[in-house]
> 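One structure is given below, represented as structure tokens, and several questions about it will come after.
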Amino acid sequence: MTQNTDRDSLALARQTWRTLEPYHGAAYFSPEAAGQYAELGVDARTGYFASRSAALGAAPADLVIATFYNFNPQLVRRAIPAAWEAATPQRFAAARLTGIDTTLRRILGADVSSPALARAAELARTAAEVTVRHPQGRPLFAAHAALPWPSAPHLVLWHAQTLLREFRGDGHVAALLTAGLSGLEALVTHAATGDIDAGVLRDSRAWTPEQWGQAVQNLHKRGWLDDGPHLALTEDGTRRRAEIEHTTDRLAALPYITLGPAACAELRSLVRPFSLAVAKELLPWAVDRLSEESAFLTVIGAASAPLAR
């Protein structure tokens with residue numbers, strides 16, 4: 001594989017994952033899923049930890065801390081193992097699937113039975129089934145890969161993206177470890193790129209301002225962060241963070257390379273309207289990016305139409 005081909009392949013993998021990710025991510029913001037967890041006797045945050053780790057079985061808190069990587073361990077320990085006293089892992093897994101099923105049916109309506117969604121599910125499953133042959137070193141992914149496939153196309157698409165997401169996530173953890181970043185330090189460097197607000201990352205993972213401040217100090221000492229008043233990466237920190245993302249893309253690329261550029265482009269085109277519909281309802285921060293993708297492709301399509309004729 002040449003350098004240019006490799007760069008193109010990694011870009012293709014990242015772009016395809018980003019287009020499909022809101023479709024999967026809806027499960028974490030689904031009011032219907034939260035309602036399912038409430039029926040099991042836990043709040044939405046506990047339901048998140050229990051339902052996502054349920055594929056591991058009745059995992060102890062330390063295993064969830066290790067595989068989820070960037071959450072405050074105290075937050076995890078408040079949820080796990082107490083969740084397993086409320087319900088079995090199997091019931092939490094079923095609750096998540098029921099919740100996302102109801103959410104997708106509500107948001108997408110008749111589109112859940114459309115030929116476009118069925119074709120998207122077929123393509124996504126083809127990609128995901130490549131990953132199940134490579135579980136080594138990817139514990140959270142491997143646990144999800146052992147779960148049975150749902151039958152409804154809209155859930156096949158969701159489960160396929162779940163596998164692709166966890167496959168990528170485990171690779172990202174490996175890249176962070178190789179770079180010498182703890183889970184908290186990974187969040188700080190992510191915030192320092194300017195892609196997402198530091199307060200959102202800190203508070204959603206339940207790190208205290210003191211813990212966050214200590215991590216910032218450590219990263220200053222190690223040359224990751226600039227000395228200015230605002231959270232920003234140094235030139236070396238920017239290079240090292242780019243290496244992490246490059247490694248993550250490389251470790252996640254196999255299913256998309258196997259699927260091929262034409263099929264990935266088709267998959268993105270099919271799923272984009274579904275991801276956008278979900279994002280408008282549950283993930284507003286993803287709407288602009290998906291809308292920009294749609295507008296860009298419309299312009300490109302219009303410009304190339306005369307050539308196609």
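Everything numeric here is computed off the predicted structure, so don't read it as measured data.
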> Taking CD in Glu243 as the centre, count heavy atoms belonging to other residues, nucleotides or ligands within less than 6.0 Å. Is the count above 12?
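Result for CD/Glu243: enclosed.
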> Who else is in Leu177's hydrophobic cluster (ILVMFWY, side-chain heavy atoms under 4.5 Å, direct or via others)?
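Members besides Leu177, by chain and number: Tyr69, Val173, Leu176, Leu181, Leu184, Leu187, Val188, Ile196, Val200, Leu201, Trp207, Trp212, Val216, Leu219, Trp224, Leu225, Leu231, Leu233, Ile244.
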> Between CG of Leu276 and OH of Tyr23, what distance do you get to the nearest 0.5 Å?
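Going from the CG atom of Leu276 to the OH atom of Tyr23 covers 14.0 Å.
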> Rounded to the nearest 0.5 Å, what's the gap from CG on Leu282 to OG1 on Thr103? Could you check?
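OG1 of Thr103 is found 6.5 Å from CG of Leu282.
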> When you check the side-chain N and O atoms of Gln211 and Thr208, is any donor under 3.5 Å from an acceptor?
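Present: a donor and an acceptor within the cut-off.
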> Where do Val132 and Ala145 come nearest, in terms of heavy atoms and distance?
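Reported closest heavy-atom pair: CG1-CB, 3.9 Å.
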> Would you please name every residue forming a salt bridge (charged side-chain N to carboxylate O under 4.0 Å, His left out) with Asp236, sequence neighbours left out?
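Per chain and number, Asp236 pairs via salt bridge (charged side-chain N to carboxylate O under 4.0 Å, His left out) with Arg239, Arg240.
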> Not counting sequence neighbours, which residues clear ring-ring contact (aromatic ring centres under 6.0 Å, His included) with Trp84? List them please.
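For Trp84 the ring-ring contact (aromatic ring centres under 6.0 Å, His included) partners, ignoring immediate neighbours, are Phe92.
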> Using the ring-ring contact (aromatic ring centres under 6.0 Å, His included) criterion, which residues pair with Phe49? Sequence neighbours excluded.
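Expected list: Phe68, Phe71.
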> Working to the nearest 0.5 angstrom, can you tell me the gap between Lys280 NZ and Ser275 OG?
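Lys280 NZ to Ser275 OG: 12.0 Å, rounded to 0.5 Å.
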> Side chains of Arg241 and Thr189: do they bring a donor and an acceptor to under 3.5 Å?
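On atom types as modelled, these side chains qualify, holding a pair under 3.5 Å.
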> Is the side chain of Asp170 donor-acceptor paired with the backbone N or O of Phe141 at a distance under 3.5 Å, no angle test?
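Yes, Asp170 side chain to Phe141 backbone: donor-acceptor pair under 3.5 Å.
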> Quick one: closest heavy-atom pair of Ala27 and Ala33, and the distance?
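What the structure gives for the nearest pair is O-CB, 3.9 Å.
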> Working to the nearest 0.5 Å, report the span between CG of Asn72 and CG of Asp203.
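Here the interatomic distance stands at 11.5 Å.
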> Applying salt bridge (charged side-chain N to carboxylate O under 4.0 Å, His left out), name anything that partners Arg91, two or more places apart in sequence or on another chain.
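Partners of Arg91 by the salt bridge (charged side-chain N to carboxylate O under 4.0 Å, His left out) criterion come out as none, since no residue qualifies.
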> What pair of heavy atoms forms the shortest contact from Leu164 to Ala124, and how long is it?
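Nearest pair, atom of Leu164 first, then Ala124: CD1-O, 4.4 Å.
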> Answer with yes or no whether the hydrophobic clustering places Val271 together with Val287; edges join I, L, V, M, F, W, Y residues whose side-chain heavy atoms lie under 4.5 Å apart.
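No, no single cluster joins them.
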> If I take atom CG from residue Leu283 and atom CD from residue Glu281, how far apart are they, to the nearest 0.5 angstrom?
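Reported to 0.5 Å precision, the distance equals 10.0 Å.
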> Applying side chain to side chain donor-acceptor pair (under 3.5 Å), run through Asp288 and Ser291 and close with a yes or a no.
CA-CA 5 Å; Asp288 287 348; Ser291 298; 5.5 Å; no
> Got a sec, which residues hit side chain to side chain contact (heavy atoms under 4.5 Å, CB included) with Ala263, two or more places apart in sequence or on another chain?
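Applying side chain to side chain contact (heavy atoms under 4.5 Å, CB included) to Ala263 gives Leu123, Leu259.
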> Taking side chain to side chain donor-acceptor pair (under 3.5 Å) as the test, write out the residues that go with Arg105, two or more places apart.
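Only Asp101 meet the side chain to side chain donor-acceptor pair (under 3.5 Å) criterion with Arg105.
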> Between Arg77 and Asp62, is there a salt bridge with N-O shorter than 4.0 Å?
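Yes, this pair counts.
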> Can you tell me which residue pairs pass the side-chain hydrogen bond (donor to acceptor under 3.5 Å, both in side chains) test with a partner in residues 132-151, sequence neighbours excluded?
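Counting only pairs at least two positions apart or across chains, the side-chain hydrogen bond (donor to acceptor under 3.5 Å, both in side chains) contacts touching residues 132-151 are Arg96-His144.
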> By side chain to side chain donor-acceptor pair (under 3.5 Å), which residues pair with Glu166, not counting sequence neighbours?
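So Glu166 forms a side chain to side chain donor-acceptor pair (under 3.5 Å) with Arg52.
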> Name all residues meeting the ring-ring contact (aromatic ring centres under 6.0 Å, His included) criterion together with Trp158; count only those two or more places apart in sequence or in a different chain, and write none if there are none.
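Partners of Trp158 by the ring-ring contact (aromatic ring centres under 6.0 Å, His included) criterion, ordered by chain and then number, come out as His24.
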> Taking salt bridge (charged side-chain N to carboxylate O under 4.0 Å, His left out) as the test, write out the residues that go with Glu266, two or more places apart.
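With sequence neighbours excluded, Glu266 shows a salt bridge (charged side-chain N to carboxylate O under 4.0 Å, His left out) to Arg119, given in chain and number order.
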> For the residue pair Arg268 and Thr19, what are the closest heavy atoms and their distance?
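In terms of heavy atoms, the two residues are closest at NE-OG1, 3.0 Å.
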> Using the rule that Ile, Leu, Val, Met, Phe, Trp and Tyr join whenever any side-chain heavy atoms are under 4.5 Å apart, tell me whether Leu270 and Leu104 fall into a single cluster.
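Leu270 clusters together with Leu104.
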> Report yes or no: do Ser9 and Tyr256 form a side-chain donor-acceptor pair below 3.5 Å?
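No pair is found: no donor N or O on one side chain lies under 3.5 Å from an acceptor on the other.
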> Counting only N and O atoms by type, is there a donor-acceptor contact under 3.5 Å from the side chain of Ser269 to the main-chain atoms of Ala265?
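No, Ser269 side chain to Ala265 backbone: no donor-acceptor pair under 3.5 Å.
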> Could you pull out all residues at least two apart from Phe274 that satisfy ring-ring contact (aromatic ring centres under 6.0 Å, His included)?
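Scan of Phe274 (ring-ring contact (aromatic ring centres under 6.0 Å, His included), adjacent residues dropped) gives none.
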> Can you check side chain to side chain donor-acceptor pair (under 3.5 Å) on Thr46 and Tyr37, steps first, answer last?
CA-CA 8 Å; Thr46 297; Tyr37 306 146; over 6 Å; no
> Taking atom CZ of Arg18 and atom CZ of Arg168, what is their separation to the nearest 0.5 Å?
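Atom-to-atom, Arg18:CZ and Arg168:CZ are 9.0 Å apart.
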